[in-house]
There are 2 protein chains.
Amino acid sequence: MIQIPHVSMEDVARRAGVSIATVSRTLRDQANVAEETRRRVLRAAEELSYVVSPIASRLATGRTGAVGVVIPYASRWYFGQVIAGAESVLRDCGLDLLLYNVGDQAARKRFFERQPLRRRVDAVLAVAMPFTDSELSTLHGLGVPMTVVGFDSPGIPSVRINEAATIDRAMQHLFDLGHRRIAMISTYADQNVWLPVAHQRRTAYLAALAEAGVEPDPQLVISVPFSVGNGERATAALLALEDPPTAIFAESDELAFGALTALRRAGIGVPESVSVLGVDDHDVSQLLDLTTMRQLVFQQGSLAAKILAKALGIDCVAPEPDTESGTVLVPTTLIIRGSTGPAPHG
Amino acid sequence: MIQIPHVSMEDVARRAGVSIATVSRTLRDQANVAEETRRRVLRAAEELSYVVSPIASRLATGRTGAVGVVIPYASRWYFGQVIAGAESVLRDCGLDLLLYNVGDQAARKRFFERQPLRRRVDAVLAVAMPFTDSELSTLHGLGVPMTVVGFDSPGIPSVRINEAATIDRAMQHLFDLGHRRIAMISTYADQNVWLPVAHQRRTAYLAALAEAGVEPDPQLVISVPFSVGNGERATAALLALEDPPTAIFAESDELAFGALTALRRAGIGVPESVSVLGVDDHDVSQLLDLTTMRQLVFQQGSLAAKILAKALGIDCVAPEPDTESGTVLVPTTLIIRGSTGPAPHG
DNA sequence: CCCCTGTATGTAAGCGTTTACAGTGTCACC
DNA sequence: GGTGACACTGTAAACGCTTACATACAGGGG
């Protein structure tokens, strides 16, 4: 490893024959630097291939130039999308993205005890992680702007979809196709994530049924821990019912994948016998021909990042129209594919 | 936003009635601090809920305490796994994870021009990104340890799988099942990622054929850009051949998903008529009952992070047995599921 | 009793920027 | 020719730590 002797501002200043203050001013594009001087400085910096030490800048300015992204499961599709979306914006804003993956309870506990974000980030972006009051006050204690994606938290700007409307649109599609016996695969509270979303989606499902005048059947609502494979098990259970559903609405595409698999295994035609519908529009959904409510997750991540950049007073990206309000609702779209079809005749 | 007046070491020192040097020593667990003093300092820090400013530490020590993770597509399964794996280790080592997503050419160019990593990270972890010589020398110019995942680069420690052995094992499985007409869906060079891997896998495929005494058929090797959906198109093309294959080996599971979909659409039985085999063991593979060569991607990410931590002299995790050598090969396993079966009779 | 060793603590010099403030020089204008 | 105003540029004080070095004190050995 060749340790390169770090070139400092002083070196540049000496070479350009100016003071380091002038170098600093030039490099940050401030006014009051003579054109000729500016050129000399820039050339000197170029020749020494100088880059400012972000750390020293940070110490001097008090800004860390970083945004902490707190996420439960970095490796899942949804979260990967959010990360990518946020990263794309933050990069353009010259902000670092500090990733904190706090999926399991131990990591989460440590995160809130040690508070690794303290004095380390200018802003926080939390994804699909409902916080306890104590956690929230800890986060507020950081004294930095915060934004959340995927849920609401009082007093914090958020980016999410309209859960109720999304679920309702999906249910309407099934009703339109003549389905009445519609099951829902929901996620089981794991204390860590999704709880409110799962609840909202179940509630919206029940509301849609009620509005359509369909008596809800408790047997048709199954809650499983979010995991690939549990959707399959849930579906197997549904199929074993005396009066199985003609449509299965999964809280997320991954669960719907399981449903499709279970149905195929059981030799049950999709959509001739049973329709399946998910939420997300996961990359794989198109392949599996899954009808789904598409939500633009990448966009939600980038939107949240834009809100933060704005809060930090960094002008780096085209502003979004309506990021002013507390909650930004990103629209969802019904993507009709081959997994949904008319309800089979009684 | 309540701006909390930052408590500094001086405040703690004053409260404990010692100098800031003693506070610093205490907080970093150095020797030569009287037990009694240590207690006083810790209590003072506790009472003021003081945390060291990482930035000031960094300036003083010259270490950034961060590792840059350079990745082409943060939102894809493989990369998400690597990120999660690396993050888990880095967190334990007290290192920050700085994410750089440089998938598209523009981002990549900017990355290497601006060199945002300079003076910002103590180490670099590059994932599945073959570099040009110029890029490599830029990276070396950072003067920090580096490790790569998913490929080899001369002079840089790497963590990856044994491509040749992995592909060979997969092919043997197909041969064992009596297949002779085996297609391969490979990825198309996109200048950015995978090129060497794609090449290696194709080469290994051909080598396996040769060893088995099977004449390779150029028509059976299709290269497509890596994207969900292209696997499907490739498969459709294969099925349209006069003498279609009895088995399809996809370079990665995502491509295999497409193959499965195309086959199902075409009403062709899997594995009765055509077997399908992938590489990865993607989360969804189990659901789709896809036979695949499992590679432990999360583990590759964490291993790489461990190597870096070690190179930085940070003793934070149980050392792995064989991270000494230049290249660490993580074993792959054939996971036999329902997508492969005996070749249909002539 | 003095000197040396060793431990505990304090002092102060960095680390590499940013930026308030203090020059310095020019020029227009009276 | 004196005087502001103005445009540049330099000086030096932060920023909040780490750490080499100095200091102080306590014992132990000669």
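Residue numbers start from 1 in every chain, and the chains themselves are labelled A, B, ... in the order their sequence lines are given, proteins ahead of strands.
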Calculate, to the nearest 0.5 Å, the distance between atoms CD1 and CG belonging to A:I20 and A:L27 respectively. 12.0 Å
Please give, in whole Å, the distance from D:dA14 P to B:E10 CD? 11 Å
Contact under 4.0 Å: A:S19 side-chain N or O vs D:dT9 OP1/OP2: no
Considering only D:dT18, C:dT17, D:dG16, which nucleotide approaches the side chain of B:M9 most closely? D:dT18
Can you confirm whether A:E46 is buried at CD, in the sense that more than 12 heavy atoms of other residues, nucleotides or ligands lie under 6.0 Å from that atom? no
When the distance from CG of A:L27 to P of C:dT19 is rounded to whole Å, what number comes out? 13 Å
Identify the two heavy atoms, one from B:I83 and one from B:L97, that lie closest to each other, and give their separation to 0.1 Å. O-CD2, 4.2 Å
Rounded to whole Å, please give me the gap between CZ in A:R38 and C1' in D:dC8. 12 Å
More than 12 heavy atoms of other residues, nucleotides or ligands under 6.0 Å from CD of A:E10: is that the case? no
Could I get the full list of salt bridge (Lys or Arg N to Asp or Glu O under 4.0 Å) partners for B:R91, not counting sequence neighbours? B:E87
Between C1' of D:dA13 and CG of A:L59, the distance in whole Å: 14 Å
Output one letter per nucleotide in nucleotides 20-27 of chain C: B when a protein non-hydrogen atom lies under 4.0 Å from the base, S when only the sugar-phosphate is that close, - when neither is. B-------
Interatomic distance where CD1 belongs to B:I20 and P belongs to C:dG10 [whole Å]: 11 Å
Value in whole Å for how far the P atom of D:dT18 lies from CG of B:D29: 12 Å
If you only use heavy atoms from C-beta on, which nucleotide in C:dT17, C:dT19, D:dT19 is closest to the side chain of A:T61? C:dT19
As a test of reading the structure: which of C:dG16, C:dT18, D:dG16 is closest to the side chain of B:R119, going by heavy atoms? C:dG16
For a 4.5 angstrom cut-off between non-hydrogen side-chain atoms, does A:R14 reach A:D11? yes
Atom pairs, N/O to N/O, protein against nucleotides 5-8 of chain C, distance under 3.5 Å?
residue: C:dA8; atom: OP2; partner: B:N32; partner atom: OD1; Å: 3.4

So, the side chain of B:R25 versus the backbone of B:Q30: is there a donor-acceptor pair under 3.5 Å, distance only? no
d(B:L95 CG, B:D122 CG) to nearest 0.5 Å is 7.0 Å
Hey, what bend do you get for the helix from C:dC1-D:dG30 to C:dC30-D:dG1 if you fit axes on five pairs at each end, rounded to 10°? 70°
Nearest-neighbour nucleotide for the A:T22 side chain, C:dG16, D:dG10, C:dT19 considered: D:dG10
Pairing of A:R110 and A:D104 as salt bridge, 4.0 angstrom limit: no
Protein and nucleotides 22-24 of chain D: nitrogen or oxygen contacts under 3.5 angstrom:
none

Pairs meeting criterion disulfide (SG to SG under 2.5 Å) with involvement of residues 84-141 of chain B, two or more places apart: B:C93-B:C316
Here the pair of heavy atoms bringing A:M146 nearest to A:L308 is C-CD2, 3.8 Å
Using the rule given for salt bridge (Lys or Arg N to Asp or Glu O under 4.0 Å), can you reason through B:D29 versus B:R38, listing the C-alpha separation, both sets of side-chain angles and the distance that settles it, and then say yes or no? CA-CA 9 Å; B:D29 264 335; B:R38 175 183 302 278; 3.4 Å; yes
For the side chain of A:T37 and the backbone of A:V33, is there at least one donor-acceptor N/O pair under 3.5 Å apart? no
How long is the straight-line distance from NE2 of B:H6 back to CZ of A:R119, given to the nearest 0.5 Å? 5.5 Å
Any side-chain N or O of B:Y50 less than 4.0 Å from the OP1 or OP2 oxygen of D:dG16? no
Within the pair A:S8 and C:dG16, is there a side-chain N or O less than 4.0 Å away from OP1 or OP2? no
Please state whether the phosphate of C:dT18, meaning OP1 or OP2, lies under 4.0 angstrom from any side-chain nitrogen or oxygen of A:R58. no
Expressed as a whole number of angstroms, how long is the span from A:R14:CZ to D:dT11:P? 13 Å
Let me spell it out: for each of A:V18 and B:S24, pick the nucleotide of DNA chain D with the closest heavy atom. Which residue's pick is nearer the 5' end? A:V18
How many whole angstroms separate atom CZ of A:R40 from atom C1' of D:dG10? 14 Å
Please report the interatomic distance CD(B:Q300) to OH(B:Y78), rounded to the nearest 0.5 Å. 5.0 Å
